[in-house]
Number of protein chains: 2
Amino acid sequence: MFQDTQDNGTASVKSTEQAIMDAAEEVFLEKGYNLATTTLIAKKAGVTHAMLHYYFRTKEHIFMKVLEKILRELMQSFRPVMSKGEPFWETLEKGISTHFDFFAGHPRFATFLYDTIMHNPELVVRLKENIFPVLQKIYDFHIGMIREEMDSGRINEVDPMQLIADIVTLNLSTYLLLPVAGRMFQNAGNPAPVPDETTLKGILENRKAEIIALIRHRLYGKIQ
Amino acid sequence: MFQDTQDNGTASVKSTEQAIMDAAEEVFLEKGYNLATTTLIAKKAGVTHAMLHYYFRTKEHIFMKVLEKILRELMQSFRPVMSKGEPFWETLEKGISTHFDFFAGHPRFATFLYDTIMHNPELVVRLKENIFPVLQKIYDFHIGMIREEMDSGRINEVDPMQLIADIVTLNLSTYLLLPVAGRMFQNAGNPAPVPDETTLKGILENRKAEIIALIRHRLYGKIQ
DNA sequence: GAATTATTTAACAATATTGTTAATGACTTT
DNA sequence: AAAGTCATTAACAATATTGTTAAATAATTC
């Protein structure tokens, strides 16, 4: 490629390196670590695969760079969830909604993460160090909030851990199973009938509303 | 191996072929199609990998045999679900429970199926022909049942498709996320802390109870 | 513009994987 | 036990994949 000198006079950005990163993110998210070959990434970036080894030493190094990038975005997304002050249900609903929406903004992240943990757990060890403190904080915040509300008798008896599992499971599997469903229902030779933007938005809105309704009935529904 | 002649005098069973099938099922379920190498299967079966090609022509042929075997078991498991005569909630609860329990009896099936559909959708085309009529029948049965009950006003307003999605999602992801959680929470060098039989049984019983409680509150819970 | 440095390429190496084949050994039938 | 069939092995072939390297090209610095 070429030296992509910027207007501001500071150090220039190598657009080959950026092209590789972009291609790598795309391919890793789509295929998972094992099926994402360096040759395919190079092809998508429009360079020879030797370039990947020139800029990043190994396939694993590129992967880690990509992972770190996505994780930064993940943490960014979750920050506003923890702002306090609102009543219990509003806060919880906001939490569910934010969690749901994060995956809408990163539709391949659920499958990618799942695939990596399943097939390359060794790559997740470093990931854990980044992600665990954040997860722990969010988790503790919600568990405490639910327990407090339950003790006051304003919501039904429920194991807070199970409720969190319900929410995470329902939100995650929406995006975990969406591409699976897409592939499952396509016909033999035909390409997957990817729903258009508007349709997909509608599907996701309905799904989110149903998940919130489920949790609301679980917490507030009285059975005669 | 050896010719494993049986007592009943009929044609003998080749135990090499059976060993390969058993090993293949184990390895495919654990690793998925792409990461399950013929060499590894052969090693686990205690034979050279040329044997796989002798008994089954290709890797894909073995895979199909394994898939067919599991699918037969799947259909078997779902048969009793459809027996009618009981009241609505008892039938639905039995359906949820059966669905949940199938994955308990085939704990790797969810991840395996997911992996196959994600990374080898072409292998699922044949699968679809076997599995779809069965799924369709179960699906129609439950949709009809829910719609009827809702029209009579005995349960809350709900989109029957969303309710089915809730149940499938909650049941499936219990087993989809269980091995992921296992790997997620293990420490760097240590092996995964697989919970012992009794503990696992307790976890699963609690989870099933919570899922049933969720659906019950969704259908019967009244919000003032 | 000469020297130096950075980028890119093509060819090679090493390994893994699926599949084939020719030779060998074992078992069955008559 | 001779002939034929079945089971097994070891070696080979073909391809794919990750990674290296020496040489060529482009950019930068002095």
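Just the heavy atoms: all of them, side chains too, but no hydrogens, waters or symmetry mates, feed the values below.
- Taking atom OH on A:Tyr54 and atom P on C:dT7, their separation rounds to 4 Å, with Å as the unit.
- Within the 3.5 Å criterion, the main-chain N or O of B:Ala36 finds a donor-acceptor partner in the side chain of B:Lys59.
- Put simply, CD on B:Glu17 is 12 Å from C1' on D:dA7, counting in whole angstrom units.
- In this entry the distance linking CD1 of B:Ile20 with C1' of D:dT8 reads 11 Å, nearest Å.
- Annotation: the span from A:Arg218 atom CZ to B:Ile215 atom CD1 amounts to 11.0 Å, rounded to 0.5 Å.
- Residues passing the side-chain hydrogen bond (donor to acceptor under 3.5 Å, both in side chains) test with A:Asp22, sequence neighbours excluded: A:Gln18.
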Please encode protein proximity along nucleotides 15-20 of chain D as a string of B, S and -, counting only heavy-atom distances under 4.0 Å. --SBBB
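- In this structure, the OH atom of B:Tyr55 is 11 Å from the P atom of D:dC6, given to the nearest Å.
- Between A:Thr16 and C:dT7, a side-chain N or O to OP1/OP2 separation shorter than 4.0 Å is absent.
- By the side-chain hydrogen bond (donor to acceptor under 3.5 Å, both in side chains) test, A:Glu122 pairs with no residue at all, sequence neighbours left out.
- Regarding contacts with the backbone of D:dT9, a side-chain N or O of B:Thr48 is found under 4.0 angstrom from either OP1 or OP2.
- Aromatic ring centres of B:Tyr175 and B:Phe109 lie farther apart than the 6.0 Å criterion allows.
- The only member of A:Leu172, A:Leu170, A:Asn171, A:Ile212 that meets side-chain contact (heavy atoms from CB on, under 4.5 Å) when paired with A:Phe100 is A:Asn171.
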